[in-house]
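Take a look at the structure set out below.
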Amino acid sequence: MGDLALIAGPALGHFGRLYEVAIRLRELTDHRIVFIRPDFDRFDPAVFTERFDTIRLPTKREKPCLPCLPFGDALEELFADRRFDAIVQDCNPLGWLATARLPDWTRINVTNVFLTRAAGLYTQQARSFERQVDHINAARAAKDMPPVRDVHELYEADAVLYADPGPILSLFPDLPEHHHGCGGCWWTYEGDVPGEIAGLDNFLLCSLGSTGRMPEVELFETVADLFDCGDIVCVHTETEGKRPVTAGSRRIHYFDRLPLAAVMAKAGAVLSQGGAGSTYQALAAGKPMAIKPTHINHAILGDMVERLGAGIAADSRGRLPYADRDMGEEFRHGAQAAAAAMSDEDGASEIARRIAEIAAV
């Protein structure tokens, strides 16, 4: 068997998701799995214990402007020198692949349904594309590549595998034949629960991922009141070393990293920025949510959570529409219904199965 190229973006959500798929994929195929990544990370790579062959490609700067032309050029050089049986991508293609001339090999895109033409939504990537289209197409023209007219073109592939749970996919029933819903897929840290919160339950878990902005304390209190929660546990990359504070009758505990599955199991509700990982984990755990979006894609997920009856979304200023505890209970029932619908899903395994099946052809 040959090699499989797994192109992962530097964001934790993209790399972590593809990492979970790769662990299962190596049990299903004799292909050598090779990660191809930019030469910097937006997470601590030490938390990933499984090892895979990895090629790091240059970006020429620590935080490159996107689209990153040097990465695309280096990718072309790599593929000119080394043959892969298939390319699997989990990244923002606008930033990492828009100016790369990819070979005519089987290509598989692992992504979320709301980013693609199948959903027809105006996303953060669509907004960025409007600002960068001339720059992208000038770089493509210099390589005699056709222009990109629509950001959704960049999400097309021979197979598009959706890492979204069934309740979310049910909102988009008309998928193209080569687009496949696989179930929710995410990576989560698996360390120990800190002693200071090990005895807590029915708390509000504020999970902001790597893309959320810290909300005002007033929003913590409003959401905790809505869902009748006790203390507040906040996990965000910018809270390292921050000590607990008191807000009214509650304590707010801050962490830069937590084992979300174990912590979420004891939470009463979740306040999220609307990232796919934290939102889908909350749905799987049956936890009602409030969403405080950081950008357009987060607002899209907030709207979908509302359509499922599993939570409520704040506006761009972090203000929630009116809701009382009776509505909070209705959101809890909606979240529990979503969890029941997701109970048999194993998105990472299904994505791996489909990749192995396609690569074997």
Side-chain angles (χ1 to χ4, degrees), residues 13 111-127 152 155 160-176 179-186 204-209 211-212 215 219 222-223 226-227 264 267-345 347:
T111 189
N112 296 113
V113 63
F114 56 86
L115 297 172
T116 69
R117 196 187 308 279
L121 297 171
Y122 184 73
T123 62
Q124 187 74 19
Q125 286 77 9
R127 182 181 180 184
H152 295 127
Y155 285 87
V160 180
L161 306 183
Y162 292 135
D164 304 282
I168 295 292
L169 290 166
S170 71
L171 302 174
F172 307 97
D174 299 319
L175 300 179
H179 290 214
H180 308 282
C182 297
C185 177
W186 55 82
L204 174 66
L205 174 61
C206 179
S207 177
L208 298 171
T211 56
L219 183 61
T222 299
V223 176
L226 171 63
F227 295 118
M264 199 172 284
V270 174
L271 171 61
S272 166
Q273 92 279 22
S278 56
T279 301
Y280 292 169
Q281 284 183 80
L283 283 177
K287 305 299 179 180
M289 277 175 279
I291 304 293
K292 180 188 178 295
T294 302
H295 58 57
I296 298 171
N297 294 355
H298 297 160
I300 288 171
L301 262 176
D303 176 69
M304 289 191 281
V305 166
E306 287 188 335
R307 290 168 66 186
L308 294 175
I312 189 170
D315 64 18
S316 60
R317 297 184 180 180
R319 299 174 300 193
L320 288 176
Y322 173 78
D324 56 27
R325 286 186 178 178
D326 288 340
M327 295 174 67
E329 280 304 303
E330 292 178 11
F331 297 145
R332 193 178 307 278
H333 294 318
Q336 290 169 350
M342 295 170 64
S343 61
D344 293 332
E345 289 187 359

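The figures that follow rest on heavy atoms only: side chains count, while hydrogens, waters and symmetry mates do not.
Here the NZ atom belonging to Lys287 is positioned 9.0 Å from the CE atom belonging to Met264, to the nearest 0.5 angstrom. The line from OG1 of Thr111 to OH of Tyr155 is 5.5 Å long, rounded to the nearest 0.5 Å. Distance OH/Tyr280 to CD/Glu345: 10.5 Å, rounded to 0.5 Å. Atom CG of residue Leu283 and atom CE of residue Met304 lie 10.0 Å apart, to the nearest 0.5 angstrom. A distance of 9.5 Å separates CD1 of Ile168 from CG of Asn112, quoted to the nearest 0.5 Å. Interatomic distance, His298 NE2 to Leu208 CG, rounded to the nearest 0.5 Å: 10.0 Å.
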Under 3.5 Å donor-acceptor pairs involving side-chain atoms of residues 333-340, not counting sequence neighbours:
none

Which atom pairs, donor and acceptor, lie under 3.5 Å between side-chain atoms of residues 118-125 and protein residues at least two apart or in another chain?
unit_1 : atom_1 : unit_2 : atom_2 : d
Tyr122 : OH     : Glu130 : OE1    : 2.9
Thr123 : OG1    : Gln125 : N      : 3.4
Thr123 : OG1    : Ala126 : N      : 3.1
Gln124 : OE1    : Ile296 : N      : 3.2
Gln125 : OE1    : Asn297 : ND2    : 2.9

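A donor-acceptor pair under 3.5 Å is formed between the side chain of Arg332 and the backbone N or O of Phe227. With Asp324 contributing its side chain and Asp326 its backbone, the two residues share a donor-acceptor pair below 3.5 Å.
Here the side chains of Leu175 and Val160 are not in contact, with every heavy-atom distance at 4.5 Å or above. Side-chain atoms of Val270 and Ser278, non-hydrogen and from C-beta on, never get closer than 4.5 Å to each other.
Applying the side chain to side chain contact (heavy atoms under 4.5 Å, CB included) rule to Val305 yields the partners Thr279, Met289, Ala310; only residues at least two apart in sequence or on another chain are considered.
Considering all non-hydrogen atoms of both residues, Asp315 and Pro293 come closest at O-CD, 4.3 Å. For the pair Gln273 and Ser207, the tightest heavy-atom approach, listed with the atom from each and the gap, is OE1-O, 3.3 Å. Annotation for Lys292 and Leu219: closest pair CD-CD2, 3.5 Å, computed over non-hydrogen atoms. When all heavy atoms are compared, the tightest approach of Thr116 to Val113 is OG1-O, 3.0 Å. Residue Leu169 comes nearest to Gly181 through the heavy atom pair CD1-CA, 3.5 Å, listed as atom of the first residue, atom of the second, then distance. The nearest pair of heavy atoms linking His152 to Arg117 is CD2-N, 3.5 Å.
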